[in-house]
There are 2 protein chains.
Amino acid sequence: MSKCEQCIIRQFNSLKHLSREELVRMSNCKTSKIIKKGEPIFDEGERLKGVFCIKDGVCKVSKMSENGRNQIISLVTKGDLLGERSLISDEPSNLKAIALEDMEICFIPKEEIMKDLEKNPSFSMSVLKDMAKTLKSADNVIVDMAQKTVKQRLAETLLNLESKFGTNENDAINVHLSREDIANIIGTATESAIRLLSDLKKKKIIAFKGKEISIINLNELEKIAQGF
Amino acid sequence: MSKCEQCIIRQFNSLKHLSREELVRMSNCKTSKIIKKGEPIFDEGERLKGVFCIKDGVCKVSKMSENGRNQIISLVTKGDLLGERSLISDEPSNLKAIALEDMEICFIPKEEIMKDLEKNPSFSMSVLKDMAKTLKSADNVIVDMAQKTVKQRLAETLLNLESKFGTNENDAINVHLSREDIANIIGTATESAIRLLSDLKKKKIIAFKGKEISIINLNELEKIAQGF
DNA sequence: TTAATTATATGATTTTTATCACATTTTTAA
DNA sequence: TTAAAAATGTGATAAAAATCATATAATTAA
């Protein structure tokens with residue numbers, strides 16, 4: 001079992017503010033898990049017993065609408081923490097997390113995290129800052145969902161994916177999403193997403209083969225995202 | 001100048017976790033303001049120098065989309081705190097706040113709040129909980145915006161307004177919003193909002209005269225919000 | 001390997017929503 | 001008080017997006 005105090009991943013999130021003793025204690029109570037592609041980390045309505053620190057892999061965090069359609073709220077990846085919110089608000093999770101690829105995650109029990117949150121101001125301040133940032137970006141998503149067309153949202157989503165996941169050796173965006181997942185991020189019907197992707201391909205703004213998507217004309221895609 | 005330690009409003013927000021000394025100190029540096037209907041409390045891009053505690057009145061918090069349309073993110077009212085987020089993230093506000101009616105607000109300087117946040121764990125924990133809650137509701141708004149029809153969102157908005165503001169002696173929802181404001185909450189064109197309101201009136205699900213709107217058939221409105 | 005299942009793709013059509021135009025009412029300010 | 005401005009309301013039309021149908025490609029499991 002690897003040790004938290006030696007784990008490089010914590011540098012990417014609020015856990016970097018923990019002291020050596022806090023990390024040692026965390027190491028002793030944390031557990032590691034392998035989650036296979038397609039498997040859930042937790043489900044809607046589940047009461048989380050701790051937080052997850054993503055060591056490797058990507059998962060989609062989504063929520064079912066009353067209409068019975070699934071909306072992906074965020075993609076959580078290596079270095080991110082997952083589940084702090086429902087831990088802090090002490091309510092069942094309103095979200096579901098499913099692995100998009102094989103994952104390696106650490107589970108840290110609730111009591112441990114809560115103790116650190118209350119005792120270590122620089123840790124709690126960091127979590128606070130993180131939440132303020134997430135909230136700001138949630139506001140932006142609300143505005144986009146409410147005011148932008150599906151075409152704009154698709155363009156924006158592709159740009160966001162490239163900047164979050166980077167590109168591989170073929171200049172393709174470094175994450176594999178099904179057309180349905182893409183549709184569920186932008187909040188549209190799968191057919192609409194497919195159609196708009198085909199349009200962008202026809203206009204040589206993007207290229208794709210299967211789930212490997214690459215942005216060819218970044219400038220044009222940015223224009224589309226802004227509504228031109 | 002009224003004193004924070006005697007102010008009843010703080011019971012409604014995280015400030016209730018402050019100690020008597022903290023409140024006395026706050027009292028000595030806070031200032032009170034009257035904001036007239038239609039006036040801004042702060043604007044998009046402005047760097048806030050403190051937080052606002054709403055003593056009386058309602059304001060709309062909104063953001064301009066790249067399309068040049070305004071989206072109302074929330075309505076902030078008596079007892080609420082405003083501006084903590086951009087203070088915590090130490091970035092210019094991404095939002096604009098405009099009074100919907102005459103308001104009475106207190107301004108608490110940044111240094112004072114930040115000191116309390118760092119020194120008083122029960123205060124910072126309360127702010128943290130509050131943000132977790134706001135984030136959860138932001139997720140719900142994202143899902144609604146992405147997946148529900150304008151009609152559903154209008155029904156939902158009316159229900160939310162009634163439960164947040166209550167009703168007056170005529171059973172009308174206790175807040176006055178223009179049709180444009182309503183449209184900007186649900187994220188649609190003003191004409192569409194007006195048309196759908198007229199439909200609901202024709203079907204005797206709501207009644208209104210000017211900005212006084214009342215829900216007549218709650219059950220039916222809830223059904224519409226859910227997509228029937 | 002092959003059949004079954006699932007994902008992707010595209011056409012035709014319907015539904016939803018935005019836009020434009022204009023009339024009427026209400027509010028505001030001179 | 002009254003003219004101007006702003007808000008509300010409604011019809012006609014256009015644009016955007018969903019839905020339904022069906023074909024093909026890719027993936028999965030027996």
Side-chain angles (χ1 to χ4, degrees), chain A residues 36-39 60 65 67-72 98 100-102 144-157 176-203 206-213 224-225 227-228, chain B residues 36-39 60 65 67-72 98 100-102 144-157 176-203 206-213 224-225 227-228:
Chain A
K36 291 262 173 215
K37 177 178 174 173
E39 284 179 359
K60 55 179 174 181
S65 83
N67 298 16
R69 299 168 71 171
N70 208 38
Q71 179 65 34
I72 295 179
I98 291 184
L100 285 172
E101 39 189 74
D102 291 354
D144 287 352
M145 288 294 179
Q147 305 283 7
K148 290 192 169 178
T149 64
V150 173
K151 193 196 276 186
Q152 285 181 282
R153 268 140 57 196
L154 172 61
E156 183 136 29
T157 295
H176 281 177
L177 296 168
S178 69
R179 301 294 188 266
E180 191 181 357
D181 283 339
I182 293 175
N184 290 348
I185 292 173
I186 65 187
T188 191
T190 306
E191 297 96 317
S192 298
I194 289 173
R195 238 182 277 273
L196 290 169
L197 281 169
S198 298
D199 278 3
L200 290 176
K201 189 186 200 176
K202 220 171 281 169
K203 290 177 186 147
I206 65 170
F208 58 80
K209 183 152 193 265
K211 294 185 175 63
E212 293 254 303
I213 302 178
I224 291 171
F228 296 106
Chain B
K36 290 264 173 212
K37 177 177 175 176
E39 285 179 0
K60 55 179 174 180
S65 83
N67 297 17
R69 299 169 69 171
N70 208 38
Q71 179 65 33
I72 295 179
I98 291 185
L100 285 172
E101 41 189 73
D102 291 352
D144 287 352
M145 287 294 180
Q147 305 283 7
K148 290 192 169 180
T149 65
V150 173
K151 194 196 279 188
Q152 284 182 281
R153 269 140 56 196
L154 172 61
E156 184 136 30
T157 295
H176 281 177
L177 296 168
S178 69
R179 302 293 187 267
E180 190 181 359
D181 283 338
I182 294 175
N184 291 349
I185 292 173
I186 66 187
T188 191
T190 306
E191 298 96 317
S192 298
I194 289 173
R195 238 182 276 274
L196 291 169
L197 280 169
S198 297
D199 278 3
L200 290 175
K201 189 185 200 177
K202 221 172 278 167
K203 289 177 186 147
I206 65 170
F208 59 79
K209 182 152 193 267
K211 296 187 174 61
E212 292 255 302
I213 303 178
I224 290 172
F228 296 104

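Given the structure is predicted, the values throughout are model-derived calculations rather than measurements. Below, read A as the first sequence line, B as the second, and so on, with proteins coming before strands; counting in each chain starts at 1.
Legend: residues meeting side chain to side chain donor-acceptor pair (under 3.5 Å) with A/Asn67, ordered by chain and number and at least two apart, are B/Gln152. Under the side chain to side chain donor-acceptor pair (under 3.5 Å) criterion, A/Glu191 pairs with no residue, sequence neighbours left out. With sequence neighbours excluded, the residues forming a side chain to side chain donor-acceptor pair (under 3.5 Å) with B/Arg69 are A/Gln147, listed by chain and number.
Rounded to whole angstrom, the span from the CZ atom of B/Arg179 across to the P atom of C/dT25 amounts to 15 Å. Taking atom CD of A/Glu180 as the reference point, atom P of C/dT6 lies 12 Å away to the nearest angstrom. Between the CD1 atom of A/Ile182 and the P atom of C/dA9 there is a distance of 10 Å, given to the nearest Å. Regarding B/Asn67, its CG atom lies at a distance of 17 Å from the P atom of C/dT17, rounded to whole Å. Between A/Ile213 atom CD1 and C/dT8 atom P there is a gap of 9 Å when expressed in whole angstrom units. Atom CG in A/Leu100 sits roughly 15 Å away from atom C1' in C/dA7 (whole-Å rounding). Between A/Ile224 atom CD1 and D/dA16 atom P there is a gap of 13 Å when expressed in whole angstrom units. Atom CG in B/Asp181 sits roughly 11 Å away from atom C1' in D/dA7 (whole-Å rounding).
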- Query: How does protein contact run along nucleotides 17-30 of chain D, one letter per nucleotide 5' to 3', with B for base contact, S for sugar-phosphate only, - for none, heavy atoms under 4.0 Å?
  - Reply: SBBB----------
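For B/Asp102 (side chain) and B/Lys37 (main-chain N/O), a donor-acceptor pair under 3.5 Å exists by modelled atom type. The backbone N or O of A/Leu100 sits nowhere less than 3.5 Å from a side-chain atom of A/Lys60 that would complete a donor-acceptor pair.
Across B/Ala193 and B/Ile186, no two heavy atoms sit closer than the pair CB-CD1, 4.4 Å.
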Would you tabulate the side-chain donor-acceptor contacts of residues 196-203 of chain A under 3.5 Å, counting partners in other chains and residues two or more places apart, or write 'none'?
{"residue": "A/Ser198", "atom": "OG", "partner": "A/Ile194", "partner atom": "O", "Å": "3.0"}
{"residue": "A/Lys201", "atom": "NZ", "partner": "A/Phe208", "partner atom": "O", "Å": "3.2"}

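Backbone-only engagement by A/Ser198 is indicated by non-hydrogen atom pairs under 4.0 Å involving sugar-phosphate atoms exclusively.
Interatomic distance, CD1 of B/Ile98 versus CD of B/Glu39, reported as 10.0 Å (0.5 Å rounding). Interatomic distance, A/Thr190 OG1 to A/Ile182 CD1, rounded to the nearest 0.5 Å: 10.0 Å.
In this structure, the helix from C/dT1-D/dA30 to C/dA30-D/dT1 shows an angle of 50° between the axis at its start and the axis at its end, each fitted on 5 base pairs and rounded to 10°.
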